[in-house]
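All chains are named by letter (A, B, ...) in the order of the sequence lines, taking the proteins before the strands, and each is independently numbered beginning at 1.
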Number of protein chains: 2
Amino acid sequence: MKAARERVGISQAELGVRAGIDEFCASARINQYERGKHAPDFLTVQNLAQVLGVPTAYFYAEEDNLAELILIFGKINPEEKNKFLNSAREKSKESDSFDFRLGTH
Amino acid sequence: MKAARERVGISQAELGVRAGIDEFCASARINQYERGKHAPDFLTVQNLAQVLGVPTAYFYAEEDNLAELILIFGKINPEEKNKFLNSAREKSKESDSFDFRLGTH
DNA sequence: TTTAATACTAAGCATTCCTTAGTTCCGCGT
DNA sequence: ACGCGGAACTAAGGAATGCTTAGTATTAAA
């Protein structure tokens with residue numbers, strides 16, 4: 001989150017205020033989030049994501065690869081998204097990775 | 001989450017137990033999560049995601065398009081992921097969507 | 001209809017977060 | 001070096017939320 005905030009170029013306090021947090025505690029809360037002292041609820045994460053211009057899921061991606069993919073997907077326009085998703089569907093068919101799900105064979 | 005659990009074919013209680021939740025309250029907790037009564041913390045979500053065989057970020061995707069993409073990305077093998085990500089990088093260059101980030105021009 | 005498994009819920013306890021009220025850190029101008 | 005202002009950061013209590021318990025519905029099969 002810190003990286004995303006610095007890309008936008010705003011302070012911790014400003015990020016909080018823009019996300020709709022009370023101005024008197026915005027600074028403290030964002031700091032607690034960035035340092036991992038506390039975890040924001042989902043609504044707050046959604047608001048933060050909007051301010052920072054990234055999809056909400058970006059904050060929960062464990063693999064760096066996936067995080068980057070989510071970021072890219074959030075930037076391209078809706079028309080491109082469909083093309084993109086279609087080629088993804090193709091690749092998942094081609095893939096020889098085993099399908100772990102039950103009830104599909 | 002309900003959909004993912006049903007694909008695996010296990011009960012709410014079993015999902016909880018496999019995710020490391022105490023057997024006497026696993027049922028109640030998973031039910032509260034599925035019905036939106038309460039929200040699990042991130043560690044719990046990670047454990048649930050592992051049991052259900054999906055990337056953690058999947059549970060936080062707001063757009064259906066993105067959710068599907070995350071799901072596919074979670075199924076393909078590591079080698080494919082890199083190829084996939086590279087073509088994604090290409091597309092983000094081609095895209096005429098405006099770049100909102102500061103300090104990049 | 002009885003049974004067993006699964007789904008679901010209320011309520012108090014436990015834990016975590018939010019708010020307040022500060023302190024510390026850092027860069028800049030003098 | 002010193003003071004100033006903005007940004008980062010923190011402790012602690014009050015407020016909110018989740019977790020556990022114990023139990024009630026629901027469903028499907030015998």
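- At a non-hydrogen distance threshold of 4.0 Å, nothing from residues 42-51 of chain B comes into contact with DNA chain C.
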All N/O pairs under 3.5 Å across the protein-nucleotides 25-28 of chain D interface:
none

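- Residue Ala49(B) comes nearest to Pro55(B) through the heavy atom pair CB-C, 4.3 Å, listed as atom of the first residue, atom of the second, then distance.
- With sequence neighbours excluded, no residue forms a side chain to side chain donor-acceptor pair (under 3.5 Å) with Ser27(B).
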Anything under 3.5 Å between a donor and an acceptor, one on a side chain of residues 62-71 of chain A, the other on a protein residue two or more places apart or in another chain? List them.
residue  : atom : partner  : partner atom : Å
Glu62(A) : OE1  : Thr56(B) : OG1          : 2.8
Glu62(A) : OE2  : Gln46(B) : NE2          : 2.5
Glu62(A) : OE2  : Thr56(B) : OG1          : 3.2
Glu63(A) : OE2  : Lys81(B) : NZ           : 3.1
Glu68(A) : OE1  : Arg89(B) : NH2          : 3.0
Glu68(A) : OE2  : Arg89(B) : NE           : 2.6
Glu68(A) : OE2  : Arg89(B) : NH2          : 3.4

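- Not counting sequence neighbours, Lys2(A) has no partner by the salt bridge (charged side-chain N to carboxylate O under 4.0 Å, His left out) test.
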Name each donor-acceptor pair under 3.5 Å that joins a side chain in residues 15-26 of chain B to protein atoms two or more places apart or in another chain, with its distance.
residue  : atom : partner  : partner atom : Å
Arg18(B) : NE   : Glu14(B) : OE2          : 3.0
Arg18(B) : NH2  : Glu14(B) : OE2          : 3.1
Asp22(B) : OD1  : Phe24(B) : N            : 2.8

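- Residue pairs that meet the salt bridge (Lys or Arg N to Asp or Glu O under 4.0 Å) test with at least one member in residues 45-58 of chain A, sequence neighbours left out, do not exist here.
- Within residues 16-26 of chain A, the residues approached by DNA chain C to less than 4.0 Å at the level of any non-hydrogen atom are Phe24(A), Cys25(A), in residue-number order.
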Inset, instruction - Apply side chain to side chain contact (heavy atoms under 4.5 Å, CB included) to the pair Val54(A) and Phe59(A), showing each step before the final yes or no. - result: CA-CA 9 Å; Val54(A) 301; Phe59(A) 293 117; 3.9 Å; yes

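- Under the side-chain contact (heavy atoms from CB on, under 4.5 Å) criterion, Gln12(B) pairs with Arg5(B), Ile30(B), Asn31(B), Glu34(B), not counting sequence neighbours.
- Take Asp41(B) and apply the side chain to side chain donor-acceptor pair (under 3.5 Å) test, not counting sequence neighbours, and it matches Thr44(B).
- Between the CG atom in Leu43(A) and the CG atom in Asn47(A) there is a gap of 5.0 Å [rounded to 0.5 Å].
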Could you list all N or O pairs between the protein and nucleotides 7-13 of chain D that sit under 3.5 Å apart?
residue : atom : partner  : partner atom : Å
dA8(D)  : OP1  : Arg5(A)  : NH1          : 3.2
dA8(D)  : OP2  : Gln12(A) : N            : 2.8
dC9(D)  : OP1  : Arg35(A) : NH1          : 2.6
dC9(D)  : OP2  : Gln12(A) : NE2          : 2.9
dC9(D)  : O5'  : Asn31(A) : ND2          : 3.2
dC9(D)  : O5'  : Arg35(A) : NH1          : 3.3
dC9(D)  : O4'  : Asn31(A) : ND2          : 3.4
dC9(D)  : N4   : Ser27(A) : OG           : 3.3
dT10(D) : OP2  : Arg35(A) : NE           : 2.9

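- The terminal axes of the helix from dT1(C)-dA30(D) to dT30(C)-dA1(D), fitted over 5 pairs per end, subtend an angle of 40° to the nearest 10°.
- Closest of all the heavy-atom pairs between Val45(A) and Pro40(A) is CG2-CG, 3.6 Å.
- Atom NZ of Lys75(B) is separated from atom CD of Glu80(B) by 13.5 Å, given to the nearest 0.5 angstrom.
- In this structure, Ala88(B) and Phe84(A) approach most closely via the heavy-atom pair CB-CZ, 3.4 Å.
- Rounded to the nearest 0.5 angstrom, Tyr60(B) OH and Phe42(A) CZ are separated by 8.0 Å.
- OP1 or OP2 of dC19(D) sits under 4.0 Å from a side-chain N or O of Tyr33(B).
- In terms of heavy-atom proximity, Tyr33(A) sits nearest to His38(A) at CD2-O, 3.5 Å.
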